[in-house]
Chemist: 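Take a look at the following structure, please.
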Amino acid sequence: MISLGPGERAALGREGERAYPNECCGVLLGGIDDSGGKAVESLLPINNKGAPEEQYHRFAITSEDYLAAEKEARRQNRDILGFYHSHPDHPAVPSAFDKDNALPFYSYVIVSVENGKAGVIRSWELTADRGEFKEEEILWR
Amino acid sequence: MAVTILVPTALRSFTERKSEITVEGATAGEAIKALAEAYPDLKVHLYQEDSGEPGELRSFINVFVEETNIKNLQGLDTPVAAGGTIMLVPAIAGGV
Ligand SMILES: [Zn+2]
């Protein structure tokens with residue numbers, strides 16, 4: 001279970017629409033409760049470092065970006081809970097490429113952007129054996 | 001030669017929740033191999049081959065020796081000083 005507030009919902013849509021027809025990406029910062037539930041408290045947008053001609057269907061966050069995000073998380077007294085990206089003109093369902101590049105534990109929030117308009121937002125988690133992405137329930141605060 | 005490996009949050013469920021692990025190794029590659037031997041459940045996430053001998057690391061695992069990405073050094077052959085620190089840092093990618 002992951003919870004997101006109205007501010008995050010608006011920001012996800014805004015970021016997805018701004019990047020369209022390319023993909024946007026960023027980091028989810030927040031806290032984890034004792035039962036493993038995640039509460040997103042802020043988003044950290046990251047400049048898509050994928051090759052410019054591939055950004056319509058790819059995003060990349062470098063290790064250097066990750067380290068900077070971790071530093072920012074510490075500054076905010078938060079943790080990195082996962083990542084978000086947009087699917088321009090595709091449903092908010094992880095691709096095979098998403099799965100090949102995913103790590104367990106993190107939430108992968110995907111916002112679908114159809115014809116430049118942000119729509120469905122869904123969240124996914126990779127199983128510990130890398131076998132599959134399982135949908136994670138989003139609680140809208 | 002003992003070196004310390006810092007494990008990212010995402011992989012700590014495979015290292016008994018430990019964030020720092022001390023292993024023996026003279027290079028980044030040797031140290032990571034020792035880590036994978038000590039915590040075999042890590043292998044599938046660290047190495048491209050899902051089973052068998054450790055080989056190439058997955059593209060989303062980057063290795064920093066003393067804060068420098070080994071891509072800019074000698075890769076997995078990068079030497080690590082005794083008491084040195086290795087960081088495993090995820091790179092995140094995906095798409096449609
Ligand atoms: Zn995707």
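Keep in mind that this is a model prediction, so the values were computed, not measured. Basis for what follows: all heavy atoms, side chains included, without hydrogens, waters or symmetry-related copies. Below, chains carry the letters A, B, ... as their sequence lines are ordered, and counting in each starts from 1.
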Chemist: Please name the pair of heavy atoms, one in A/Ser95 and one in B/Gly95, separated by the smallest distance, quoted to 0.1 Å.
Modeler: OG-O, 3.1 Å
Chemist: Check A/Glu64 against B/Asn69 and note the closest heavy-atom contact, atom names and distance.
Modeler: OE2-ND2, 3.5 Å
Chemist: Are B/Val63 and A/Leu103 connected in the hydrophobic side-chain network, where two residues link if heavy atoms are under 4.5 Å apart?
Modeler: yes
Chemist: Let's go through B/Thr9 and A/Asp79 carefully: what are the C-alpha distance in whole Å and the side-chain angles of both, what is the deciding distance for side-chain contact (heavy atoms from CB on, under 4.5 Å) to 0.1 Å, and is it a yes or a no?
Modeler: CA-CA 9 Å; B/Thr9 327; A/Asp79 287 313; 6.0 Å; no
Chemist: According to a 4.5 Å side-chain heavy-atom criterion applied to Ile, Leu, Val, Met, Phe, Trp and Tyr, with indirect links allowed, do B/Val96 and A/Ile121 form part of one hydrophobic cluster?
Modeler: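 No, B/Val96 does not connect to A/Ile121 through the hydrophobic network.
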Chemist: Taking A/Phe97, A/Phe59, A/Phe105, A/Tyr106 one by one, which has the highest count of heavy-atom pairs under 4.5 Å against chain B?
Modeler: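 So the answer, after comparing A/Phe97, A/Phe59, A/Phe105, A/Tyr106, is A/Phe59.
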Chemist: Counting C-beta onward and ignoring hydrogens, is there a side-chain heavy-atom pair between A/Tyr108 and B/Ile92 closer than 4.5 Å?
Modeler: yes
Chemist: With only heavy atoms counted, which part of B/Ser13 is less than 4.5 Å from chain A, the side chain, the backbone, both or neither?
Modeler: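 Nothing of B/Ser13, per the 4.5 Å heavy-atom cut-off to chain A.
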Chemist: Tell me whether B/Val80 is reachable from B/Leu6 by hopping between hydrophobic residues (I, L, V, M, F, W, Y) whose side-chain heavy atoms are closer than 4.5 Å.
Modeler: yes
Chemist: Quick check for you: to the nearest 0.5 Å, what is the distance between B/Arg58 atom CZ and A/Asn101 atom CG?
Modeler: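 B/Arg58 atom CZ to A/Asn101 atom CG measures 9.0 Å (nearest 0.5 Å).
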Chemist: Answer yes or no: is there a donor N or O on one side and an acceptor on the other, between the side chain of A/Glu70 and the main chain of B/Val89, under 3.5 Å?
Modeler: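 No; zero donor-acceptor contacts below 3.5 Å.
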Chemist: Quick check: closest heavy atoms across A/Asp100 and B/Phe60, and the distance to 0.1 Å?
Modeler: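 For A/Asp100 versus B/Phe60, the nearest heavy atoms are O-CE2, 3.3 Å.
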Chemist: Determine whether more than 12 heavy atoms belonging to other residues, nucleotides or ligands lie under 6.0 Å from atom CD of B/Glu67.
Modeler: no
Chemist: Under a 4.5 Å heavy-atom cut-off, does chain B meet the side chain of A/His87, its backbone, both or neither?
Modeler: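 Both backbone and side chain.
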Chemist: Can you tell me how far the CE atom of B/Met87 sits from the OH atom of A/Tyr66, to the nearest 0.5 Å?
Modeler: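 Atom-to-atom, B/Met87:CE and A/Tyr66:OH are 11.0 Å apart.
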Chemist: Top residue by heavy-atom pair count (under 4.5 Å) with chain B, among A/Asp98, A/Val93, A/Thr62?
Modeler: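 Max contact count across the listed options: A/Asp98.
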Chemist: Measure distances from A/Ala128 to the heavy atoms of chain B and classify the residue's part below 4.5 Å as side chain, backbone, both or neither.
Modeler: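 For A/Ala128, backbone and side chain are both near chain B.
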Chemist: Say whether B/Tyr39 and B/Tyr47 are linked into one hydrophobic cluster, either directly or through other cluster members, by side-chain heavy-atom distances under 4.5 angstrom.
Modeler: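 Linked, B/Tyr39 and B/Tyr47 end up in one cluster.
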Chemist: Drop me the distance from A/Asp129's CG to B/Asp41's CG, to the nearest 0.5 angstrom.
Modeler: 10.5 Å
Chemist: Given heavy-atom pairs under 4.5 angstrom as the criterion, report whether the side chain, backbone, both or neither of A/Asp89 touches chain B.
Modeler: neither
Chemist: With hydrophobic residues grouped by side-chain heavy-atom distances under 4.5 Å, do A/Phe83 and B/Leu88 end up in a single group?
Modeler: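 They do share one cluster, since a chain of ILVMFWY contacts under 4.5 Å joins A/Phe83 to B/Leu88.
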Chemist: Could you check if a side-chain atom of B/Phe64 sits within less than 4.5 angstrom of a side-chain atom of A/Ser63, using non-hydrogen atoms only?
Modeler: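 Heavy-atom side-chain distance check passes, below 4.5 Å.
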Chemist: Does atom CG (A/Asn77) have a neighbourhood of more than 12 heavy atoms from anything else shown, all under 6.0 Å?
Modeler: no
Chemist: Give me the atom names and distance for the closest heavy-atom approach of B/Val44 to A/Arg130.
Modeler: O-CD, 3.4 Å
